[in-house]
Amino acid sequence: MSTHDATSANSKAQGPISQVLTPVRGRLITAAVLAASGSMLTLVPLAVIERIARLALGDATHVAGDIGWLLLVGVASLFCGMALLCAGELQAHLADNRITHQLRLAIVQRLTLVPLGWFTGRASGEVKRAMQDDIGTLHNLTAHFFTTLGRAGGALLIGVIYLFAMDWRLALLSLLPFPGFFLFLGRAMKSSGANMQEIVTGLGRIDNAVVEFVNGIPVIKAFGSSGQAHVRYREAIDAFAQTFIAFTRPLVAAMANANAMVAPVSVLGVVLASGTLFVSQGWAAPLDVLPFALVTPGLCAPVLLLHYILHDLGSATGAAQRVQALLQTPVLEQPAPGAGQQPQGNELRLERVSYGYDPEHPVLADIDLVLEPGTTTAIVGPSGAGKSTLARLLLRFFDPSTGRITLGGVDLRQLDSASLYRHIGFVLQDVRLIHASVGENIALGKPSASRQEIEAAARLANIHEQILRLPRGYDSVVGEDAHFSGGEQQRLSIARAVLLDPPVLVLDEATAAADAESQVAIQEALARFSQGRTLLVIAHRLDTVMHAERIVVLDNGRIREQGRHSQLLEHAGLYARLWRLGGYGDTRKEQVAQPC
Ligand SMILES: Nc1ncnc2c1ncn2[C@@H]1O[C@H](COP(=O)(O)OP(=O)(O)OP(=O)(O)O)[C@@H](O)[C@H]1O
């Protein structure tokens, strides 16, 4: 178990927010305490006003000096309070900066250890949502929640203590609207909670309808069924509108009552009514009502603030859960740092390898295969036979469910990733270029490569001339002033592999995205590059791999036949049938050596 896993196991009992904020917990508590103390001090001037009013309206004669001192205390408290509030905000923002930075790094570090196959199964939206939206939500929590909680809590605490110290009976009466607020709020939450799940489901339906509509626009337009997609979207928003009305109707009435309870004017009304009663009954002097009239309405804002921030806590909990889930994504088994073994040679061996994306349905079963150094092995077979899955296993997109794959006698699980990708290069169908210069794209696996090395790799991959034609040559930025066709992207991918100079190369349908001219350029490039290397080629077109030392025919996840082209034709099995179906003619001679 990694350190991270151990930590997460220990903290299972904590809530998601608590787990995510653990590294800055101390700082956030300090921020909340500073904010609470600050807000208490900023309320001292109200007590000062009450004191001054008593002195001014009382019968004492020499009060000017006392008033001066009181003013000084009031002003000093106000400034100290504001300074403490600022210090609290600063602490919270420093904590926010630290945690946001740490979380982004931790997610990226985790994703580097996650099997590459994880990414194929997920929309990049999931990662984007956690990295941007959820961390943004957590920013609100760390930077503002704790200080607001401190400020509101501090103000309420000191206000209530002060009022009870003045007159506990009047305090009890004056504060009556506040329990009333929580009573109505509770009702509102109960009525909305019942419909909340439907709101979430409705929003999900709208999201799906939008995604379906946007993703399918070309197909929908081409097949003239845009009206239908619109209908689904309209149905989703109409249904949501109904759910939303059902959700808000009971909520609005209860919330209106709750808000009315803590409106400053209603609170002041209650204070004055209670004060009048107390004064008329001789239980208090008119001046005794003044602190209540000054302070009680001031408690409305903190109560409302508490309500709003506690409401925000719900969305922050969801964000923290998603970030936690991403941080706990299962990672590939890795050797301990420094304990990675070195392969002895470049022989790739699959021993009784089975794999299924869904464990119940194996896609590959009991594969035994040896790729001898310096040889070319082709994997062919019907669509869905498991060819690409086999290639991905060699690159550790995921690990076999059973069996093992070794390179130079070392289980791939005992090789660190850098060593694996130094030994095994790949050119896949799906080439991903990053938003960086063309040179940086080629040097992705070897950032230290010199311009000469990058150009040499591009020349060998038959893409140098096209790059020179770009506005800024190798400095042109992909997606800005550099746009590549499918075939050109394949050649860039080959240049990447060339630069790393791996002894083993996996080619999965390397010419799939290319036009006829590009195919020739790619094949030339690969023929040059593959000399002396171990090659695993996956191809649809059998004529491009008929030269291979060994052709392995996969069907339904199992090896059905293997041998050279002529042997397989003579065998008159699945390969011979695929050859016939491909219409390549009845040749038993092997064509010019081509790697794919
Ligand atoms: N990411 C995935 N998640 C779940 N199932 C998958 C995934 N990728 C492939 N499969 C399934 O695994 C099986 C083998 O797929 P694979 O892509 O390895 O076949 P293939 O022989 O390369 O096919 P093709 O020649 O059409 O590319 C198929 O049934 C496919 O539906």
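Numbering of ligands and ligand atoms starts at 1, following listing order. If you read the sequence from its start, that first residue is 1, and numbering goes on from there.
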Test side-chain hydrogen bond (donor to acceptor under 3.5 Å, both in side chains) applied to R322 - qualifying residues, sequence neighbours left out: D134
H423: partners by side-chain hydrogen bond (donor to acceptor under 3.5 Å, both in side chains), with sequence neighbours left out: none
Proximal atoms of ligand 1 relative to T389 (non-hydrogen, under 4.0 Å):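 Those qualifying, in numeric order: 14 (C), 15 (O), 16 (P), 18 (O).
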Close side-chain approach of R533 and D501, heavy atoms under 4.5 Å: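 Side-chain contact under 4.5 Å: yes.
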Option set Y355, F397, Y357, criterion heavy-atom distance to atom 6 (C) of ligand 1, minimum: Y357
Proximal candidate to atom 23 (O) of ligand 1 [heavy atom criterion; set P382, A539, G384]: G384
Parallel, tilted or perpendicular, as decided by the 30° and 60° cut-offs, for the rings of F398 and Y355: parallel
Under-4.0 Å heavy-atom contact with ligand 1, by part of R392 that carries it: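 For R392, only side-chain atoms sit under 4.0 Å from ligand 1.
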Option passing side-chain contact (heavy atoms from CB on, under 4.5 Å) with L412 (candidates I405, T406, D399): I405
Close approach, G381 and ligand 1, non-hydrogen under 4.0 angstrom: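 Under 4.0 Å: no for G381.
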